[in-house]
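This report refers to the structure that appears directly beneath it.
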Amino acid sequence: MRPAKAVAPRPVVRPVPVDDAAAGTPCPSCGTPNPPDRRFCRRCATPLTPGTAPPPLPWWRTIWPLRRRTRAGSGRTTRFLVILAVVLALCAGGFLLLPAGRNLIEDTRDKLGKSKPVTPVRVEASAEVPGRPAGNATDGLSNRYWGAPGPGASITCTFAKPFRLVAVIVTNGASTSPEDYAREGRALRIDLEVTSSDGRKTVKKLTLTDKPGPQTFSTGISDATTVRLTLDAPAGLDGDRHLALAELEFFQRS
């Protein structure tokens, strides 16, 4: 058999004699008196002057950036003024951007929702050619038109109750037929003025292409009660021709 390895004897910890007669603060753990200059107990090493835990912060100080503990003269007033300025700026920005935010929400609902046609209860024109009354522009037929003697003439459509006007379809000229379309003059720009239920007016300029067929314009105007369209920028208006507008269609959000 091979001889076994020698094992070193374990060290023996000898207790240090403690003079129990020493005067001083007793240890909170074992009660041993300790001299006033000691920070730890000479018998069990318990801290003689444990640090006091700071008091808990109030609930409103647990929110960043208020949760930091501060000392006197450490910029507490400056930080408070900065936070106050930021809060006031956010409140002012929210107040100023409130109409824009409301319009964005309404426009999103217009795009995501469906629309349905709405018919005016009364149609009036500032001027019209004999035999071409303003009612022809809202009768649902594209082969009959409202005839205006020249630019500046307007047609006003009044509706039974306020609604969200999401789109207007304009069929320009005398007809959707290319031959009949070129027979009369056309307005290539229309000034759209919408009056809401509280009297507020919204004006949009509609630029049309000089071709037959319906042309769609998104509007996005709330509480519309009256819509007036004024003809401008005439094309093909020579000789005894007049301006022709075949059809107007209005759509509300369903």
Side-chain angles (χ1 to χ4, degrees), residues 1-115 162-167 194 196-202 204 218-224 252-254:
M1 294 178 62
R2 298 178 61 182
K5 278 188 175 182
V7 178
R10 294 183 178 181
V12 178
V13 179
R14 297 178 181 178
V16 179
V18 178
D19 185 10
D20 292 338
T25 304
C27 174
S29 178
C30 65
T32 302
N34 291 272
D37 57 343
R38 293 192 63 88
R39 299 175 57 190
F40 298 94
C41 177
R42 57 196 176 99
R43 178 183 293 275
C44 63
T46 299
L48 298 177
T49 56
T52 58
L57 294 173
W59 67 268
W60 57 271
R61 287 286 305 279
T62 60
I63 304 173
W64 188 91
L66 301 174
R67 60 187 179 191
R68 292 182 53 192
R69 295 184 180 275
T70 58
R71 299 187 302 273
S74 60
R76 177 184 302 174
T77 303
T78 302
R79 183 162 55 255
F80 173 77
L81 293 177
V82 170
I83 295 173
L84 181 62
V86 171
V87 172
L88 293 178
L90 291 177
C91 294
F95 178 78
L96 294 176
L97 295 177
L98 184 60
R102 187 185 297 115
N103 292 336
L104 179 60
I105 294 175
E106 293 295 340
D107 292 342
T108 303
R109 292 181 60 189
D110 292 343
K111 293 180 175 60
L112 297 180
K114 296 181 179 180
S115 60
F163 68 100
R164 171 77 176 180
L165 180 63
V166 297
V194 181
S196 61
S197 56
D198 59 357
R200 178 174 48 88
K201 297 182 182 297
T202 304
K204 290 181 176 290
S218 299
T219 52
I221 303 174
S222 299
D223 297 330
Q252 65 178 341
R253 188 170 62 202
S254 59

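Keep in mind the model is a prediction, meaning the values are calculated, not measured. No hydrogens, no waters, no symmetry mates; every other heavy atom, side chains included, goes into these values.
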Side chain to side chain donor-acceptor pair (under 3.5 Å) partners for S222, two or more places apart: R164
I'd like to check the side chain to side chain donor-acceptor pair (under 3.5 Å) partners of S196; sequence neighbours left out, ordered by chain and number. D198
Would you find a donor on one side and an acceptor on the other, under 3.5 Å apart, between the side chain of R43 and the backbone of P33? no
Side chain to side chain donor-acceptor pair (under 3.5 Å) filter on K114, not counting sequence neighbours, yields none
Residue pair K204 / I221: nearest heavy atoms and the distance that separates them: CE-CD1, 4.0 Å
I'd like to know whether S29 forms a side chain to side chain contact (heavy atoms under 4.5 Å, CB included) with C41, so could you lay out the CA-CA distance, the side-chain angles of the two residues, the decisive distance to 0.1 Å, and finally the verdict. CA-CA 9 Å; S29 178; C41 177; over 6 Å; no
To the nearest 0.5 Å, how far apart are OG1 in T32 and CG in L48? 10.0 Å
Decide yes or no for T46 and C30: does some side-chain heavy atom of the first lie under 4.5 Å from some side-chain heavy atom of the second? no
Atom CZ of R38: over 12 foreign heavy atoms under 6.0 Å: yes
Between CG of L165 and OG1 of T219, what distance do you get to the nearest 0.5 Å? 3.5 Å
